[in-house]
Protein chains: 2
Amino acid sequence: MTRGRHRHPLLLEALQAGEVVVEELAERFGVSASTIRRDLQQLASEKTIRRTYGGAVIAHPLPETSLPEREAQARPEKAAIARAAIGLLSDDDILVLDGGSTVATFGAGLIGGAGRPGRRHAIITNNLPLVGVLAGAPGLALTVLGGAVRPGSMSTMGPLAEASLRRLTADKAVVSGDGFVAGRGLCEAAIEQVSLKSLMMEQAAEVVVLMDSSKLGRATQGAWAPLPRRWTLVTDAGATQAQCAEAEEAGARVVRAGS
Amino acid sequence: MTRGRHRHPLLLEALQAGEVVVEELAERFGVSASTIRRDLQQLASEKTIRRTYGGAVIAHPLPETSLPEREAQARPEKAAIARAAIGLLSDDDILVLDGGSTVATFGAGLIGGAGRPGRRHAIITNNLPLVGVLAGAPGLALTVLGGAVRPGSMSTMGPLAEASLRRLTADKAVVSGDGFVAGRGLCEAAIEQVSLKSLMMEQAAEVVVLMDSSKLGRATQGAWAPLPRRWTLVTDAGATQAQCAEAEEAGARVVRAGS
DNA sequence: CTCCCTTTGCGTGGATCGCGCAATATGTGC
DNA sequence: GCACATATTGCGCGATCCACGCAAAGGGAG
């Protein structure tokens, strides 16, 4: 049995999933409902959680894990990855850009013909925050993929997005993912994301995957997007030799940013 | 005594301040605790609020600036027009929303089931600033029309947007324009805008035009979008009798906000 | 005016909460 | 090892709150 305050962190972990009821918690931790109630009472007094009738929820539901927050979070690695990926581009490339903050950081680096002036990229993306950044930038023709808005990631997806994308092709697809495993590909939370991401890779002549080293070799989600025979992985200097070897085995040309 | 659902918006207003208890609400509205409980039960089933022991709190604490702030920020005429237009909606309407700041003000007013909770609007729009405002709002299903981004107005248009829209229909189209002249319709700067706007009106069962009185009877641009046989004009109290008569002559039902 | 629907208030049964008390487990000093 | 102080836990009790059913009052349509 978990005793005393040692139970509080576990309690919070259980609360992350959403609302939980007292009885369920009591059974899971092998204690009485009174004890759970006392724990919740204390956490509620600290404004950590909020009691409901028969249960409790997180008081501050990780305030939207907002995109600015995410960008500030792993900024150095992502910025290095973005810079390295921009170096892979050719002039006048037509690019299709995936959702996610890593790709958004990359896209923001394209402003002002970054690196070499005279570039005239065409951008096709479902990355809504990126649209606000790139709109009106000189030398960039911006096309948005329509569809249903997924609030958490601020990207579009669904049949409408795929139907639009089928009418377009690109020189390079720049995508990210929640994880990567050789033989499976990229993993995502939802099948809709995978479907659109796969189509992006199909419609582009080359595929560039931006992924920091913490995600390599990890299967954090259950929906998988297979990778093409040849692709390019841009990751950070923290990638281990084994991680790079796994990617190369899966057909990747590996670029380690900042190394 | 405030009767029926007319109490829900006031209830939400009271909830904005934080947590409130049932007894307090019952006393404030002059009804029994049972009635308050029923109201809260309904709002909770719509995920608008969350019940606590003896009270309730807002479920999604408006991550953006609050609605009154936005309305105060917008020009008074636009805010009044937006409020009046929201009053024209039915529950569960599917809405297609045009670009432009007037329509964006209207759209922002839909947050939190403004007016009457329980609404479950589906929103189809090419209005990119509005997407950032509405994303994740409870009770709203958001679909973006893809296409080329027009930086000046932050809206999408072009063949991709029209092809997407052809697959969708709506109960009401809410559009704006740079000007209006009876017999011609709405005028815009570019033919691409007109093309998409016309399609929006064709795909919707009803057409609502939001336009402040300064634009009525003025031909400021050269591209024209014809209006359907019957439509609704929502304008501000500054509209003259002649302006309203011109609109009615063109088949409009005229709503003057704030009059 | 009548009929029908909605909304409201109240009572009842069930569930939850908070608190006090006693028993047990944990930690500490000698 | 032993005794004592403290913390944690389980249980019972009264009080509060919630959900449901029922009857009455208010509005709208024909």
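Reminder, nothing fancy here: chain letters follow the sequence lines and each chain counts from 1. Quick note: numbers below take in every heavy atom, side chains included, and nothing from hydrogens, waters or symmetry partners.
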| request: Quickly work out the A:Phe29 CZ to D:dT8 C1' distance and round it to whole Å. | output: 16 Å

| query | Looking at residues at least two apart in the chain, or sitting in another chain, which of them share a side-chain hydrogen bond (donor to acceptor under 3.5 Å, both in side chains) with A:Asp98? | reply | A:Lys197

| query | How is B:Arg38 classified with respect to the nucleic acid when contacts are heavy atoms under 4.0 Å: base, sugar-phosphate, or nothing? | reply | base

| note | Per atom distances to the A:Ser34 side chain, the nearest of C:dG9, D:dA19, D:dC11 is D:dC11

| Could you give the CD-to-C1' distance, from A:Glu24 to C:dA15, as a whole number of Å? | 17 Å

| field | ring-ring contact (aromatic ring centres under 6.0 Å, His included) partners for B:Trp224, two or more places apart | value | none

| request: Return the value, rounded to whole Å, for the distance between atom CD of A:Glu23 and atom C1' of C:dG14. | output: 14 Å

| What nucleotide among D:dT9, C:dG9, D:dA19 has an atom nearest to a side-chain atom of B:Gln41? | D:dA19

| said: My understanding is that only one of B:Thr235, B:Thr240, B:Asp236 makes a side-chain hydrogen bond (donor to acceptor under 3.5 Å, both in side chains) with B:Ser213; could you say which? | reply: B:Asp236

| remark: On DNA chain D, more 5' by nearest nucleotide between A:Ser32 and B:Tyr53 is A:Ser32

| Distance in angstrom units between A:Asp39 CG and D:dT9 P, rounded | 7 Å

| query | Between B:Thr232 and B:Glu206, do the side chains contain an N or O donor and an N or O acceptor separated by less than 3.5 Å? | reply | no

| request: Tell me whether the OP1 or OP2 atom of D:dT9 has a side-chain N or O from A:Thr35 closer than 4.0 Å. | output: no

| message | Can you measure A:Ile36 atom CD1 to D:dT8 atom P for me and round it to whole angstrom units? | response | 14 Å

| request: Return the value, rounded to whole Å, for the distance between atom CG of B:Leu25 and atom C1' of C:dT8. | output: 17 Å

| task | Return the value, rounded to whole Å, for the distance between atom CG of B:Leu40 and atom C1' of C:dT8. | result | 15 Å

